[in-house]
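Below is one structure, written out as structure tokens; the observations come after it.
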Amino acid sequence: MTPLPREAEAIVVGGGTAGAVVAARLAAAGVQTLVLEAGPDPGPLGDPRWPQDLLDARRLGHSCDWGFDSGDTLGEGEPMRFERSRVLGGCSTHNGAVQTWGHRLDYDGWAALGNPGWSADELAPLFERASTQLRVRTYPLGELTPWQRAWFDAGPAAGLPQLNDVNGLDEGVGVAPESVNVVGAGIRFNSAFAYLDPVRGLDTLTIAGDALVDRVLIGADGAARGVAVTQRGETHEIAAPLVVLCGGAYCTPTVLLRSGVGPAEQLRALGIAVARDLPGVGENLHDQPFAMLRFAGTPQIAAAMDAAVAAGWAPDEQVIAKAASRFEREAFDLHLFPYSPTHLYDGWSWHAGASALRPRSRGHVRLLSRDPEARPLIDHRFLSDPGNEDVAMLRDGIALVRELATSLAHVAGGELTPGPDVTEPAALEAWLRARPDSYWHPVGTARMGPASDPLAVCDARGEIHGLPGCRVADAALMPFVPRAATAMPVTVIGERIAASILAERG
Ligand SMILES: Cc1cc2nc3c(=O)[nH]c(=O)nc-3n(C[C@H](O)[C@H](O)[C@H](O)COP(=O)(O)OP(=O)(O)OC[C@H]3O[C@@H](n4cnc5c(N)ncnc54)[C@H](O)[C@@H]3O)c2cc1C
């Protein structure tokens, strides 16, 4: 285990998807950088300590999970799991490895909220740079499995033109093979491999695994002066003039709250001294709700997929469609994707899902205890928007999936879930509400915005309002989720915040 230094020029809290980017860019520029990661550092790509499931890009990994769930926020029944990877590389180590950019409107929208430097034109070079660093490639059509290829081929008849990829910032609806950070023999090329491996040898970089940050330390001058971190049961204080929080949408607000930065009433209720009354910390939690349909499949598709597996490489997902619900006039607000896992049931199972990319519902993350190992309260309040638009968007997505499936009856077979009888709006809504599901993209719990916005937590440089020396660089920073899966936008946030830190240092 790496011994902890007593000081650094910059501390990066969380060596995840964005944290790896920030640390790599700062260390490469000569800034003495310490990464404190709550999970292990299994080493560079090729080190046998990496769990196999975190390397295998065919399906999601699970080995190093934080164990978060919905607790009792959804009422009775099994809580909903909120998977988050606790290991160097964060969620980039277990995710679907799909890299999507979203649409120009998303980032221009962030900028229009009072965040200079975040427009699509300003971020476009960072999307390019991150794609190169992550070795992103788009599946050639010949690499699609038969299940994926069938859905891709069905797109045009359902009004979804075939695109080269889904990442044109000016492009609207369409269907395309996924762009992925998958290298070699199906290895998920996570952020730690892409960003940290090339700089591991620098003496400006220290990576400490199994180091759980409790809180940010605040000096008498009101600025961040370092962190308190627990490793092997011992708590250490490490000094640094710059602390960059990269713990992700669930954990970054919890570090802030334990530091006394957040809604004053909540802090006092837990006996935490209020350092900054910032009502937005932990608020604005949102994710893209999701509906997964299941089909019976046919002997024909099962045989074709068996042949694909025998040939070697058959990932669970490879194709995405961008589509528009009744609410979208300018771009797209739905992702549809076919999915063919073998682990959910005994043998093949046949699915296609729809996700509402621009959710209206908002929830929150709160502390239940001051203990940094305690699970926070995560209440997404899925499908709770007063206009019920999230449900309507999902119903439109389901209708499109059904239209595609009907034209694919020779491979999809009949619908099993929710089933052909569940068609009336009320019945579909009841099905959606019985088991809300998410697309794994929580964001927004330390959102950026001008100080005049009472719920803004950070400014456009990621610096916490009223707490100089402490910045946020992860999914928590997003004012609202882009029309995208979030790994690439989060990577770009890492690039953007690192660039602004370095620009200010001159
Ligand atoms: C199952 C799953 C599948 C997904 N699939 C896709 C996909 O295919 N495509 C896509 O674009 N997006 C996908 N996503 C979403 C995407 O991976 C995330 O949005 C993104 O990785 C989040 O990055 P982050 O840097 O904000 O947080 P993370 O990557 O989660 O990094 C946070 C890091 O901080 C560490 N940490 C937290 N608290 C502390 C603390 N107190 N002290 C020290 N360290 C701490 C964590 O252990 C972690 O390493 C998926 C997510 C999941 C969960």
Side-chain angles (χ1 to χ4, degrees), residues 1-8 10-20 22-23 33-43 49 51 54 63-69 82-94 191-192 196 205-218 224-240 242-262 267 270 272 275 281-282 365-378 442 445-446 470-476:
M1 198 175 284
T2 309
L4 293 173
R6 301 182 61 161
E7 58 182 23
I11 292 176
V12 175
V13 176
T17 310
V22 174
T33 303
L34 170 64
V35 180
L36 297 172
E37 166 54 47
D41 168 13
R49 290 173 295 172
L54 298 188
S63 294
C64 296
D65 200 73
W66 277 84
F68 295 154
D69 63 35
F82 299 137
E83 293 94 336
R84 293 283 104 184
S85 208
R86 182 170 172 160
V87 64
L88 198 74
C91 286
S92 73
T93 66
H94 70 158
S191 296
L196 293 176
L205 181 69
T206 305
I207 300 172
D210 301 304
L212 178 68
V213 172
D214 177 10
R215 60 191 198 283
V216 179
L217 303 170
I218 302 174
R225 64 173 177 82
V227 300
V229 56
T230 304
Q231 200 186 42
R232 278 181 286 192
E234 278 182 30
T235 300
H236 309 257
E237 292 198 354
I238 305 178
L242 174 63
V243 176
V244 188
L245 300 179
C246 303
Y250 297 140
C251 293
T252 280
T254 65
V255 174
L256 283 170
L257 292 167
R258 289 194 298 268
S259 313
V261 178
L267 299 175
L270 285 164
I272 298 172
V281 175
V365 176
R366 293 191 181 147
L367 288 185
L368 291 168
S369 149
R370 298 170 66 168
D371 176 358
E373 281 292 4
R375 282 194 272 172
L377 172 85
I378 302 173
T445 48
C470 184
R471 304 209 190 198
V472 172
D474 60 21

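The figures that follow rest on heavy atoms only: side chains count, while hydrogens, waters and symmetry mates do not.
Among pairs with a residue in residues 246-256, none fulfils salt bridge (Lys or Arg N to Asp or Glu O under 4.0 Å), at least two apart in sequence or across chains. Listed by first and then second residue, the side-chain hydrogen bond (donor to acceptor under 3.5 Å, both in side chains) pairs that reach into residues 369-378 are Asp69-Arg375, Arg86-Glu373, sequence neighbours excluded.
Nearest heavy-atom pair, Leu256 versus Ala446, reported as atom, atom and distance to 0.1 Å: CD1-CB, 4.5 Å. When all heavy atoms of Cys64 and Leu54 are compared, the closest pair comes out as SG-CD1, 4.0 Å. Closest of all the heavy-atom pairs between Thr445 and Ala249 is OG1-O, 2.7 Å.
Arg49 pairs by the side-chain hydrogen bond (donor to acceptor under 3.5 Å, both in side chains) definition with Asp47, not counting sequence neighbours. Contacts of Gln231 classified as side-chain hydrogen bond (donor to acceptor under 3.5 Å, both in side chains), with partners at least two apart in sequence or in another chain: none. With sequence neighbours left out, the salt bridge (Lys or Arg N to Asp or Glu O under 4.0 Å) criterion links Glu237 to Arg225. By the side chain to side chain contact (heavy atoms under 4.5 Å, CB included) test, Ala18 pairs with Asp474, Val490, sequence neighbours left out. Every side chain to side chain contact (heavy atoms under 4.5 Å, CB included) that Cys251 has, sequence neighbours left out, goes to Trp66, Phe68, Thr254. With sequence neighbours excluded, the residues satisfying side-chain hydrogen bond (donor to acceptor under 3.5 Å, both in side chains) with Arg258 are Asp214. For Arg232, the side chain to side chain contact (heavy atoms under 4.5 Å, CB included) partners are Met1, not counting sequence neighbours. For Glu234, the salt bridge (Lys or Arg N to Asp or Glu O under 4.0 Å) test picks out no residue, with sequence neighbours left out. Here Ala8 pairs with Ile11, Leu34 under the side chain to side chain contact (heavy atoms under 4.5 Å, CB included) rule; sequence neighbours left out. Scanning for side-chain hydrogen bond (donor to acceptor under 3.5 Å, both in side chains) contacts around Arg215 gives an empty result, with sequence neighbours left out.
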task = Starting from the C-alpha separation in whole Å, work towards a yes-or-no answer on side chain to side chain contact (heavy atoms under 4.5 Å, CB included) for His94 and Asp65.
result = CA-CA 9 Å; His94 70 158; Asp65 200 73; 4.3 Å; yes

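Between Val216 and Val261, every side-chain heavy-atom pair lies at or beyond the 4.5 Å cut-off.
Each of Val213, Val13, Thr235 was compared with Val229 under the side chain to side chain contact (heavy atoms under 4.5 Å, CB included) criterion, and only Val213 meets it.
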